Amino acid sequence: MRFQAPRGTEDVLPADSYKWHKIEDTFREVSRLFGYCEIRTPTFEDTDLFARTAGETSDIVTKQMYTFTDKGDRSITLKPEGTAPAMRALLQHNLCPPGTIVRMSYVTPFFRYERPQKGRLREPHQAGLELVGSASPAADAEIIEITMRFYRELGITETVAMLNSLGRSACRHAFREAILERTKAYLAGQSTEIQEKVRKNPLRLLDSKDPDAQEAVKSVPPVTDFLEDESRQRFDRIQELLTEANVPYRLAPEIVRGLDYYTETVFEVQSTRLGAQSALCGGGRYDDLIAELGGPSTPSVGVGMGIERAIIVMDDLGLFGAPPGPDAFVVQAAQSARAACQGLARTLRDAGLSVLVDIEERSMKSQLRQADKSAARFALILGDEECAKGTVQIKKLGTSEQIESPVGEVLDKLKAMR
RNA sequence: GCGGGUAUAGCUCAGGGGUUAGAGCGCCUGACUGUGGCUCAGGAGGCCGCGGGUUCGAGACCCGCUACCCGCCCCA
């Protein structure tokens, strides 16, 4: 094999694209139900955009960005996430002056220099939602409700939203101190690398998979103990709203985010079907992001949902079913019927049916085999006899049912036999 | 970035130093010259991941590379 797709990238083959369509169609429909409009932003941005927003110590910025210098000597980065570019566009076009609320959706690839694994790619795809301009807990609840509705529509019903609050800077500081204090003994026995990581961002310890770390973290009081009154009230209110909306959730004090711009609410939906990767989606509130980009303080909340990860889970659950086939396959039973077959196919296509025709002049047997293989619903057989009579044989594939119909009535007959 | 595993037909996999490399599934053709699926028969299809090495001889053994899988890490 001469060439192969770059490491960590995937081809979506014709036989599988219907899975993507199902997920994207479902996402667009759910977005529409809640009034979200799509935004499309460039594949690459000014490097600074991500350096500023993702967090200097985050893995994304420190080692995962695809950054290069273009011919105009600009530092360019392929987008490693979807939110910052969307907020940049919003600000650039002044779509959200103070007082307005914007609901946006997007479907985008993003790029991170990762070590590939199951559910972890260098070019993954994400469907995302952003609700910009509202500090109301109802905004948080809406985003989570849409997210869970999306998964429900796809048939992924075994999961719940895992909810946490990180509070704002003041209480987060106190919380960090508490983590460091309670895990001192554990940290003393760890490598300098881990100590450094935890010193920079103590929250990381909370979702560690190391059993010793998990044990040490047990003595740390839940974040909610540190929340200021306002944050605490918001957190409680979100839970009330989710309960009212019948959205399945549970509190998960271990949930933190990899991007530094999150404030207060954070949530994830997880699945055990993803191997070492656990998150199907991740989201939360980012009240300081737009201000960080030089805009007015604009409270916002959003979510990013991994498309490949949804496919993994849905495949595992057998939620896709058989790929769709064409409505009909026109079988040319004699060469002299070629034009008539093409004409019939054209008429049916004009009526919106998906129609396949043999182009290799193969035997009738072979054409019927193709028809069967293509999963077409009907085979329409046209030969000398039919041409002479102005009829078509309509064969319902899957059963042995076959009728002869005048050409003009084929459409009606197909509907009746469906 | 670290550790472990794997790489043979389109797919799933057997073959573990000795001629022309195998199976199942899939694909193509045919089984009283106008009827698919099931069955039967035939056929096409392999730089045995890539590059080096050991050997009289390598798909098998050794080294390097690449990719994938599983952990760590990280997250969608």
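Here the structure is a predicted model, which is why all the values come from computation and not from measurement.
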### Message
Determine whether a donor-acceptor pair (one donor, one acceptor, N or O, separation below 3.5 Å) exists between the side chain of Gln393(A) and the base of U35(B).
### Response
no

### Task
Ignoring hydrogens and angles, answer whether the base of U35(B) and the side-chain atoms of Lys365(A) contain a donor-acceptor pair closer than 3.5 Å.
no

### Task
Check whether the side chain of Asp372(A) and the base of G37(B) form a donor-acceptor pair under 3.5 Å.
no

### Query
Using a cut-off of less than 4.0 Å, is there contact between a side-chain N or O of Lys373(A) and OP1 or OP2 of C28(B)?
yes

### Query
Base, sugar-phosphate, or nothing: which does Ala276(A) touch, judged by heavy atoms less than 4.0 Å apart?
base

### Task
Using a 4.0 Å heavy-atom cut-off across all strands, classify Glu308(A) as base, sugar-phosphate, or nothing.
nothing

### Summary
Taking U29(B), C74(B), C27(B) as options, the one with an atom nearest any side-chain atom of Arg120(A) is C74(B)

### Query
Side chain of Glu386(A), base of G34(B): donor and acceptor closer than 3.5 Å?
yes

### Task
Kindly state which residues belonging to residues 104-115 of chain A come within less than 4.0 angstrom of RNA chain B, counting heavy atoms of the residue only, listed by number.
Phe110(A), Arg112(A), Glu114(A), Arg115(A)

### Query
Any cation-pi pair here, Arg122(A) with Tyr113(A), using under 6.0 Å and within 45°?
yes

### Task
Sort out the partner of G3(B) for me: Watson-Crick or G-U wobble, both distances under 3.5 Å, none otherwise.
C70(B)

### Task
Give a yes/no on whether any side-chain N or O of Ser363(A) is located under 4.0 angstrom from OP1 or OP2 of U29(B).
no

### Query
Does the C75(B) base have a donor-acceptor partner in the side chain of Ser278(A) within less than 3.5 Å?
yes

### Query
Glu360(A) CD to U29(B) C1': how many Å, rounded?
14 Å

